[in-house]
> 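Would you mind keeping the following structure in view while I ask a few things?
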Amino acid sequence: QEQYIPLPSYRVGPYAAGGSGFYGGAIDYFNLVNANGGINGVKIKWEECETEYNASRGVECYERMKAKNGGAALVDPLSTGIAYGILDRVATDKIPMTTLGYGRSDAANGKVFPYVFPLITSYWNQAAAMVAYLGSQNGGVEKLKGKKIVHLYHDSAFGKEPMPVLDAEAAKYGFELIKIPVAHPGNEQQSQWLQIRQAKPDYVILWGWGVMNAVALKTAQRNGFPREKILGVWWAGSEEDTIPAGDAAKGYTTMTFNTPGNYPVLDDIRKKVYDAGRGNLDDKGRIGSVYHMRGVTAAILWTEAIRKAQEKFGKGKVMTGEQVRWGFENLNVDDARQKALGALGMFPPVKTSCDDHEGSGAVKVQQWTGSKWVPITPNWVTGDKALTRRLLEESSAKYATEKNIKPACAS
Amino acid sequence: MFYREAGQFKITYQADSQIFPIRQDRIGVALLLAVAFLVVPFVASPYVFSAVLIPFLIFALAALGLNILTGYAGQLSLGTAAFMAVGAFASYNFILRVPGIPVLLAFVLGGLCAAMVGIVFGLPSLRIRGFYLAAATLATQFFVVWCLTKISWFTNNSSSGVITAQKIVILGYEFDTPVSKYLLTLCIVCVMAVLLKNMIRTNVGRSWMAVRDMDVAAEVIGFRPMRTKLLAFAVSSFYCGVAGALYAFAYLGTVEPEAYSLDLSFRILFMIIIGGVGSIIGAFFGSAFIVLLPIVLNIVAHSLALPTSVASNLELMVFGALIIFFLIVEPHGLARLWQIAKEKLRLWPFPH
Amino acid sequence: MEVIYDHVILVLKGVSLQVPQGKIVALLGANGAGKSTTMKSISTLLRGERGDVTKGSVEFKGERVDQLTPNELVKRGLSQVMEGRHCFGHLTVEENLLTGAYTRSLSRADLKEALEKVYHYFPRLKERRNSQAGYTSGGEQQMCAIGRSLMAKPSMILLDEPSMGLAPQIVEEIFEIVKDLNSKENVSFLVAEQNTMVALRYADFGYILENGRVVMEGAAQDLATNEDVKEFYLGVSGAERKSFRDMKFYRRRKRWLA
Amino acid sequence: MHGNRNIGDVILDLRNICLSFGGVKALTDISFNVREHEIRAIIGPNGAGKSSMLNVINGVYRPQEGEIIYRGQQRRGMDTYAAAKSGIARTFQNIALFKGMSVLDNIMTGRNLKMQTNFLLQALYWGAAQKEEIAHRKKVEEIIDFLEIQAIRKTPVSRLPYGLQKRVELGRALAAEPEILLLDEPMAGMNVEEKQDMCRFILDVNDQFGTTIVLIEHDMGVVMDISDRVVVLDYGKKIGDGTPDEVRSNQDVINAYLGVAH
Amino acid sequence: MDISFFFEVLIGGLLAGVMYALVALGFVLIYKASGVFNFAQGAMVFFAASTCVGIVAKFGVSLWVAVPLTMAAMVLLGLATEKIVLRPLVNQPEITLFMATIGLTFFIEGLAQLIWGSEVRRLEIGIEDVPIQFLLDQFNIAVSQFDVASAGICAVLVTALALFFSKTKIGRALRAVADDHQAALAVGIPLQQIWGIVWAVAGFVALVAGMLWGARNGVQFALTFVALKALPVLILGGFTSVPGAILGGLIIGASEKLAEVYIGPMVGGGIEGWFPYVLALLFLLVRPEGLFGEKIIRRI
Ligand SMILES: Nc1ncnc2c1ncn2[C@@H]1O[C@H](COP(=O)(O)OP(=O)(O)OP(=O)(O)O)[C@@H](O)[C@H]1O
Ligand SMILES: Nc1ncnc2c1ncn2[C@@H]1O[C@H](COP(=O)(O)OP(=O)(O)OP(=O)(O)O)[C@@H](O)[C@H]1O
Ligand SMILES: [Mg+2]
Ligand SMILES: [Mg+2]
């Protein structure tokens with residue numbers, strides 16, 4: 001009796017470091033769950049498929065793996081391109097897809113996207129939270145009036161995603177938003193940072209991905225821009241982004257949906273998984289690193305959804321994708337549950353519903369000390385959720401008309 | 001023994017210029033088509049359709065397109081994905097903005113848009129050749145994708161630049177299952193392959209090949225290089241455009257402009273080189289090779305129970321090594337191997 | 001020796017021939033008889049054309065050389081002038097010649113001397129020394145290719161159709177040079193030639209190749225007086241040379257082997 | 001002289017042609033003419049400018065000075081396409097066949113100017129396109145028969161021996177049914193027998209279709225036997241012009257080119 | 001227009017251009033020597049850099065030990081490439097060789113990650129990447145001292161290479177090989193040896209590029225992308241010219257920065273991805289073989 005979870009992972013190519021950390025974390029947690037006897041006795045079985053972060057190969061992996069071993073319980077490709085490629089398919093196949101902190105922000109609307117779960121937080125909420133945080137640094141969002149904020153972004157769907165939110169917030173709070181794109185892959189940014197140097201902004205939002213982040217920090221340093229004033233997106237806030245930048249990264253702040261630190265669950269993983277020789281990471285030192293913790297977080301939410309589904313559809317049974325979907329839609333991982341899992345405070349409490357597939361929208365800000373990340377906001381930060389909700393409704397409605405979907409909650 | 005043309009005489013030139021002059025080939029192709037149309041739809045699994053066959057056919061179509069340009073007209077191009085993107089986004093916009101337009105017409109119009117872009121970016125080919133041209137076609141690649149990301153009108157003002165392909169409805173029938181999408185793609189690919197074959201065996205094709213083989217001589221005997229090259233760019237881009245539209249509509253469904261990245265251009269280029277430059281069947285061989293090989297390697301690597309990171313890297317290495325291996329064995333691609341096999345078969349059982 | 005191209009095309013079928021030291025041997029035969037292929041298999045350049053020697057061996061100065069690289073062969077003194085010129089188009093004529101001396105380590109003065117020697121044979125090259133070989137006329141390229149191989153100071157030269165595209169007096173000159181090198185410096189030659197008349201005049205020995213087989217061999221004089229050779233390769237039947245204009249009817253070719 | 005050929009008026013007249021490449025003077029002040037139906041030979045030592053001369057005639061090179069009068073029309077230089085269109089076809093010294101194509105296709109390309117249907121019809125291979133294709137195929141087959149290359153019509157040209165390639169190239173030029181045929185060393189690299197065949201083809205073309213022929217050749221036997229008039233170039237200059245017999249006895253020509261009297 | 005800002009952009013661009021040129025140089029060497037467009041150059045840069053930091057990280061030796069070891073590895077890689085990939089492909093069309101180098105790219109990428117892992121690493125070579133204080137104070141122009149230092153290294157490298165190839169007979173042989181493999185063989189040029197040398201030298205250039213780019217951007221897979229930056233440089237300067245690579249680099253670097261800063265904002269920015277290519281294309285229309293490339297001989 002095994003619950004099957006396919007992992008369309010990527011461990012080669014430019015984003016390999018992220019892929020190996022994330023999927024490594026997830027697998028470590030699976031191993032821990034299995035070592036503890038599974039989910040009510042149901043063990044987790046997983047299988048990996050190399051996608052190389054490539055949409056077409058990702059789709060193939062998904063299609064190949066989805067029906068194996070009695071059918072996939074869920075899927076998470078950790079790639080926006082692949083997520084788009086299988087967006088329609090998951091609904092047809094009735095397999096829930098989670099996209100933690102990436103993918104379509106408007107998929108939080110469960111009426112239009114019943115099978116997609118941008119759990120914890122989406123790009124739009126992140127952008128809103130960024131503005132809120134920057135406001136709080138100045139003593140309130142109103143104080144942002146007249147400030148200059150640069151949105152330095154990866155020139156792609158990813159980097160453009162938050163713009164509606166940032167534009168709206170800029171209009172609302174009266175700060176000046178300067179958008180500066182960086183062409184993929186972003187390994188040269190002198191001109192952008194010279195523009196920034198000339199504009200003399202108060203803050204730079206770094207909406208980067210891959211090599212672009214380290215280069216941004218390096219280039220900021222060589223142009224004398226203080227890193228404390230750079231606020232990165234969570235895909236720009238891992239060790240992989242700061243270590244190559246060396247000293248240039250010191251003081252740099254980013255958003256995150258994990259609180260850096262150590263947790264009992266990580267100790268458990270060290271003890272029960274790594275000491276038993278089943279750890280997935282080559283380098284034990286990466287346990288608890290940003291990507292790893294994100295993988296653990298994802299795996300916790302996945303298993304919690306399965307557990308939730310079992311509560312409704314039968315404990316100790318293998319759940320179908322449809323049943324797991326229900327679990328995802330009725331998640332409630334509050335402080336108490338987190339504590340029981342040994343992950344209190346590791347990520348914000350998550351409570352989902354049909355209307356809200358995101359379940360939280362809260363983030364923290366962390367800072368790089370030169371050797372590790374430390375949280376610098378004691379509490380979870382959220383932005384203007386009314387605004388993001390409005391955008392979400394509009395955007396998902398458009399998708400629904402394009403696709404002829406009648407928005408409704410699944411039973 | 002069974003593969004002999006002895007005893008098959010052509011009495012008319014018409015018979016001699018058939019697509020498959022040898023009877024056994026004709027029978028083989030008819031059988032293949034029968035299987036593809038009549039047997040496969042009933043036996044293959046949805047996985048095979050939507051993750052193997054559909055992309056195989058679409059890539060093969062794109063490879064045919066690139067083959068027109070690179071294989072037949074001799075213009076090396078690295079901008080295939082850009083033309084595919086134009087086809088996809090144009091078709092999307094036609095369906096979006098022209099109510100009631102038939103989907104197939106939208107594909108054709110999308111292809112024509114791609115053809116126009118192709119002509120514009122083909123203009124430099126009149127002066128530039130070889131790797132210089134190849135590197136210059138990268139301009140197309142980056143510029144087109146940049147335009148699609150920047151000009152939000154193309155993506156119907158979607159905030160992130162992602163489009164969601166509309167449903168394919170033809171004459172009231174909705175192509176929404178993998179099988180139906182497969183059959184649609186198969187039809188389009190077959191028709192376009194036949195059209196291409198016709199072009200190749202008539203004057204257009206000869207003009208392309210002439211320009212490829214020796215452009216000065218081609219000019220001297222009366223081909224106009226400019227016309228010929230631009231026509232090759234246009235037709236090639238048309239094929240790529242239609243392939244790009246199918247990529248969005250019949251395969252991925254929801255795409256961002258980056259789905260048509262340089263990577264994709266390279267994959268298509270691999271296909272024609274592995275398959276055989278300047279060969280129609282080669283495009284199919286190449287596409288099959290590039291689509292299937294990673295899958296096979298992935299399955300093999302994972303069944304060996306290697307640690308995943310090792311498996312993934314080995315996969316990549318073996319893939320690279322196999323490309324090199326095939327090139328060494330036969331620089332003219334799988335199509336040439338196929339031909340040699342046939343020639344051997346014809347001589348069989350005598351070695352020479 | 002047997003050679004196949006591309007796995008399927010059999011070109012040479014059991015060719016054996018010998019070039020005695022210090023002699024000029026002519027290799028004659030119609031188009032496509034396999035002369036060039038023979039040459040290339042001797043100089044091991046065949047591999048580059050996806051051809052294979054499937055049977056047989058090549059010996060040079062008593063050693064088997066069929067497994068050597070062309071570079072080693074040139075070093076040992078065997079050099080080939082390929083059919084169809086093959087000059088390095090982007091290099092100037094002089095640079096082309098200099099590459100010919102690659103295998104020898106010469107002082108600047110010696111190099112100059114070697115160059116002068118070639119220029120002495122081909123004054124035309126001297127005039128064109130600084131133009132890119134790709135822009136020189138067909139005949140100039142031919143001279144350049146021959147001159148280039150002389151620069152290696154070989155003890156044996158494989159000459160593939162040296163006269164092709166050359167003006168008559170140059171053809172004579174080239175064969176004079178061949179003779180010269182042969183007698184003064186004891187260089188042996190294997191010359192593939194269509195211009196049978198000239199070739200047989202200068203050669204000591206000749207082979208006639210048809211369809212990948214040696215069909216006739218013998219001393220040059222004997223061949224030159226053979227009736228068949230006369231008719232088919234020299235274009236003389238009886239004693240008279242026929243005018244090209246008077247071949248009114250298409251003659252059926254006579255072949256030793258069908 | 002022979003046959004029923006009647007040599008007509010001058011159809012091509014070259015006047016004071018000068019051509020140079022950078023510093024190299026390939027042609028200096030050359031004038032000569034070609035009469036309808038004649039066989040005109042150009043001879044001269046290597047690098048004399050013979051091939052360049054042909055290139056000027058059909059527009060590959062544009063002379064710096066001089067003019068070309070073709071069929072009464074006077075122009076500074078030809079344009080390759082216009083030349084082809086107005087009936088000038090040629091072969092090349094370094095064979096310029098389309099290596100990737102079969103013999104048949106190569107010869108078919110020679111007929112391209114006579115093909116009318118557009119590519120859409122060709123793509124459909126329908127009606128007019130198919131008819132046209134087959135009609136031209138018939139013509140080409142005639143040429144193939146004429147040149148006796150039936151056996152190799154489907155062979156890729158790159159596999160053919162040199163001599164046959166030359167023949168195919170002639171076929172390609174003939175396929176255009178030209179008025180003037182420019183042949184650049186058509187017999188290089190051939191043995192006597194093959195040369196005889198080639199001569200036969202040239203003479204027959206000239207006889208049967210009345211095609212004017214301009215011929216470059218190094219084999220004096222051939223030139224003297226088949227040409228009506230001969231131009232001799234040396235170092236880009238014209239040093240002789242006349243009937244074979246006149247040229248043969250011209251002392252300049254003997255010095256510059258023939259060496260020993262032939 | 002703010003003139004000091006203009007200079008800042010210009011200088012920044014020129015220095016970045018030198019970095020591009022460094023990568024382009026590797027391409028030029030191999031193209032010049034064999035007519036092979038070596039797509040694997042980017043992968044070689046990545047391989048060199050990861051080997052170097054990998055050795056430091058795994059064995060705890062100093063950089064001074066790691067660099068020669070890496071150099072040895074690059075030479076080995078070059079020789080192996082020659083023997084296994086190129087030798088059997090002598091005399092094949094350029095596109096086949098090009099394709100083979102793409103296969104090689106995958107192989108090298110996989111190999112590098114297999115041996116050294118896919119982690120992102122940092123490389124310190126002891127030159128700090130901070131603005132030169134003097135210029136900042138005096139003219140308010142930010143110029144990184146790291147960039148200046150790497151420009152110096154490039155200059156040395158280029159001069160050395162240019163001398164090596166123009167003053168030795170190997171240089172001539174290289175060009176001969178690029179023109180016609182078969183004829184080069186026939187005159188006795190040892191193709192294998194020549195290619196071995198060139199690939200080893202290209203490996204060395206890749207190592208230098210890898211160290212500098214690695215120190216700048218971190219040692220990670222994305223180093224392979226610097227090849228994309230080198231391509232327009234290459235077409236602009238001409239595939240066969242060492243000085244062309246340098247000049248091309250300077251032009252591309254300066255103009256792309258200026259364009260991004262002054263034209264970018266008008267069209268929505270992010271034009272650095274395609275601008276160099278379009279620029280190079282325009283140059284090509286005037287000079288189809290790049291600024292200093294060898295003329296393509298078209299003759300019949
Ligand atoms: N690369 C190749 N691939 C296939 N066949 C080839 C190849 N090269 C030569 N051949 C074939 O080999 C045969 C012999 O060719 P070869 O060039 O040796 O003839 P040759 O005697 O030198 O003729 P020529 O006088 O025309 O130079 C020819 O029939 C030719 O078609
Ligand atoms: N495109 C060109 N660029 C530079 N020089 C050229 C060009 N074409 C021809 N030449 C030069 O012009 C001169 C005449 O060349 P051409 O090819 O006409 O000679 P040819 O009479 O045909 O000689 P051959 O009998 O050797 O073929 C030669 O010296 C040649 O180098
Ligand atoms: Mg030969
Ligand atoms: Mg000539």
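Below, chains carry the letters A, B, ... as their sequence lines are ordered, and counting in each starts from 1.
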> CG/Leu327(B) to CZ/Phe98(E) distance, rounded to the nearest 0.5 angstrom?
11.5 Å
> Any heavy-atom pair between the side chains of Leu262(B) and Leu228(E) that's under 4.5 Å?
yes
> Compare all side-chain heavy atoms of Phe106(E) with those of Met317(B) and state whether any distance is below 4.5 angstrom.
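In short, these two side chains do not touch, never coming nearer than 4.5 Å.
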> Taking the six-membered ring for Trp and the single ring otherwise, decide whether the centroids of Trp274(E) and Phe142(B) are under 6.0 Å apart.
no
> Of all the residues in residues 111-119 of chain E, which have a heavy atom that comes within less than 4.5 Å of a heavy atom in chain B?
Leu111(E), Gln113(E), Leu114(E)
> Are the aromatic rings of Phe266(B) and Phe39(E) close, with centres under 6.0 Å apart?
yes
> Given Pro331(B), which partner from the list Leu97(E), Ile95(E), Thr96(E) fulfils the side chain to side chain contact (heavy atoms under 4.5 Å, CB included) test?
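Result for side chain to side chain contact (heavy atoms under 4.5 Å, CB included) with Pro331(B): Thr96(E).
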> Decide yes or no for Leu284(E) and Arg127(B): does some side-chain heavy atom of the first lie under 4.5 Å from some side-chain heavy atom of the second?
no
> Non-hydrogen atoms of chain B under 4.5 Å away: do they reach the side chain of Ala100(E), the backbone, both or neither?
both
> Evaluate the side-chain proximity of Phe107(E) to Phe319(B): yes if any heavy-atom separation is below 4.5 Å, no if none is.
no
> Using non-hydrogen atoms only, which part of Ile102(E) is less than 4.5 Å away from chain B: side chain, backbone, both, or neither?
side chain
> Would you please indicate yes or no on a ring centroid separation below 6.0 angstrom for Phe37(E) and Tyr132(B)?
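Tyr132(B) vs Phe37(E): aromatic centres not under 6.0 Å.
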> Determine the option with the most heavy-atom pairs under 4.5 angstrom with chain E, choosing from Ala134(B), Ala321(B), Gly320(B), Pro124(B).
Gly320(B)
> Should Trp146(B) and Phe275(E) count as side-chain neighbours, where that means a heavy-atom distance under 4.5 Å?
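No, too far: nothing below the 4.5 Å cut-off.
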> Is it the backbone or the side chain of Val286(E) that comes under 4.5 Å from a heavy atom of chain B, or both, or neither?
backbone
> So which of Leu322(B), Asn313(B), Ile323(B) has the biggest tally of heavy-atom pairs under 4.5 Å with chain E?
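Winner by heavy-atom pair count: Asn313(B).
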> Quick one: pull up CD1 in Ile272(B) and CE in Met99(E) and give me the separation to the nearest 0.5 Å.
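The distance works out to 9.0 Å.
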